[in-house]
Amino acid sequence: MAAERTQDRERERERERSMPRIRLDLPRERRSRLLPEYDPEAFGRLSERIARFLGTGRFLVWMTLTVVVWIGWNVFAPSSLRFDEYPFIFLTLALSLQASYAAPLILLAQNRQDDRDRVNLEQDRKQNERSIADTEYLTREIAALRMGLGEVATRDWIRSELQDLLKEMEDRRDLFPSGEDRGSDVPDR
């Protein structure tokens, strides 16, 4: 029985040595992929550059010059040097190919711009919410200050109170001219 346990332990140790140990503190090794990898952001940036170029006057001038030269060459060049005869099928094919690639690239660029606009709109909305909250807070603070100032003694209020007190003292002096009825402040000696 003990011999079997020893053999089982030996087999287990042998199995552990033969299997590679997976370490969690190290990143996995990169696996080779059959399909090529590409950066979607780089492709998106490229499509935006192409779409930006397709929307310029420079592109229209170059495209017009290319078509004019193409047609001119195939009409006026000697027959042996012409590569696209009158119905200009090859030119039509080239323009169709250009259009078939341009349309999705322009749509991709527009989608990326829409995503950026959506993010900017969300940031603007949050900024507006913060501004409204700040404005409401400041409005409440100003209202509290106004209420507090309503209870604060102002110069005019103190002046009117002092005038009322002075008038009251003059009225008492008129009622008690010599101060006989009052007790004296000087203690008896």
Side-chain angles (χ1 to χ4, degrees), residues 12-150 152:
E12 186 67 29
R13 286 187 197 135
E14 190 63 35
R15 195 176 317 134
E16 285 178 3
R17 280 188 224 128
S18 65
M19 293 180 62
R21 181 174 172 200
I22 299 174
R23 295 191 54 177
L24 298 177
D25 61 337
L26 297 175
R28 286 185 180 178
E29 292 181 17
R30 290 189 60 118
R31 296 179 183 172
S32 62
R33 298 191 181 221
L34 299 176
L35 298 175
E37 291 185 32
Y38 74 98
D39 181 15
E41 288 300 312
F43 185 73
R45 287 190 298 271
L46 177 66
S47 68
E48 286 177 343
R49 289 179 58 200
I50 293 171
R52 200 172 296 122
F53 175 69
L54 291 177
T56 62
R58 181 185 297 161
F59 171 74
L60 290 175
V61 168
W62 280 109
M63 184 64 116
T64 303
L65 286 175
T66 303
V67 170
V68 166
V69 168
W70 186 296
I71 291 174
W73 180 270
N74 287 298
V75 168
F76 299 114
S79 296
S80 63
L81 296 177
R82 294 180 192 168
F83 57 91
D84 193 15
E85 293 295 326
Y86 166 65
F88 305 115
I89 295 172
F90 189 49
L91 176 63
T92 306
L93 178 67
L95 292 176
S96 297
L97 182 66
Q98 181 268 332
S100 68
Y101 273 98
L105 287 174
I106 291 170
L107 288 175
L108 178 63
Q110 286 176 343
N111 289 340
R112 287 174 53 87
Q113 184 62 44
D114 287 344
D115 292 342
R116 280 194 299 272
D117 290 345
R118 192 175 304 113
V119 168
N120 288 339
L121 185 65
E122 182 67 21
Q123 289 174 348
D124 289 346
R125 188 185 64 76
K126 287 180 181 178
Q127 180 64 36
N128 288 341
E129 286 177 358
R130 285 191 297 267
S131 296
I132 289 171
D134 290 346
T135 303
E136 288 174 353
Y137 171 76
L138 291 173
T139 303
R140 286 192 301 271
E141 288 296 314
I142 289 172
L145 287 172
R146 284 184 179 167
M147 290 173 55
L149 282 176
V152 171

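From a predicted model like this one, the values you see are computed outputs, not experimental measurements. Computation of the quantities below employed the complete heavy-atom set of this structure, encompassing side-chain atoms and omitting hydrogens, waters and symmetry-equivalent molecules. Count residues from 1 along the sequence.
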Exceeds 12 heavy-atom contacts within 6.0 angstrom, atom [atom1] of [X]:
X      : atom1 : value
Arg116 : CZ    : yes
Phe53  : CZ    : yes
Phe83  : CZ    : yes

Measure the [atom1]-[atom2] distance between [X] and [Y] for me, rounded to the nearest 0.5 Å.
X      : Y      : atom1 : atom2 : result
Asn111 : Ile106 : CG    : CD1   : 12.0 Å
Asn128 : Thr135 : CG    : OG1   : 10.0 Å
Ser131 : Glu136 : OG    : CD    : 11.0 Å
Leu105 : Leu107 : CG    : CG    : 9.0 Å
Thr66  : Leu91  : OG1   : CG    : 9.5 Å

Kindly say whether [Y] contributes a backbone atom to a donor-acceptor pair with the side chain of [X] at under 3.5 angstrom?
X     : Y     : answer
Trp73 : Asp84 : no
Arg82 : Ala77 : yes
Asn74 : Tyr86 : no

Positive for side-chain contact (heavy atoms from CB on, under 4.5 Å) with Phe88, one of Ile71, Leu93, Leu95: Ile71
Report yes if the side chains of [X] and [Y] come closer than 4.5 Å at any heavy-atom pair, otherwise no.
X      : Y      : value
Gln113 : Asp117 : yes
Gln127 : Gln123 : no
Leu108 : Phe43  : yes

Electrostatic pair Glu129-Arg125, nearest N-O below 4.0 angstrom: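 So Glu129 pairs with Arg125 through a salt bridge.
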Under-4.0 Å salt bridge between Arg45 and Glu48: no
Minimum-distance pair of heavy atoms, taken over all atoms of Thr92 and Pro87: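 For Thr92 and Pro87, the tightest heavy-atom pair comes out as OG1-O, 4.2 Å.
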For the student: nearest non-hydrogen atoms of Pro104 and Ser100, plus distance: CD-O, 2.9 Å
Aromatic plane relationship, Phe90 with Trp70 - under 30° parallel, 30 to 60° tilted, over 60° perpendicular: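 Geometry flag for Phe90 against Trp70: tilted rings.
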Residue pair Asp115, Arg112: steps toward the salt bridge (charged side-chain N to carboxylate O under 4.0 Å, His left out) verdict: CA-CA 5 Å; Asp115 292 342; Arg112 287 174 53 87; over 6 Å; no
Chi angles and distances behind the side chain to side chain contact (heavy atoms under 4.5 Å, CB included) call for Ile142, Arg146: CA-CA 6 Å; Ile142 289 172; Arg146 284 184 179 167; 4.0 Å; yes
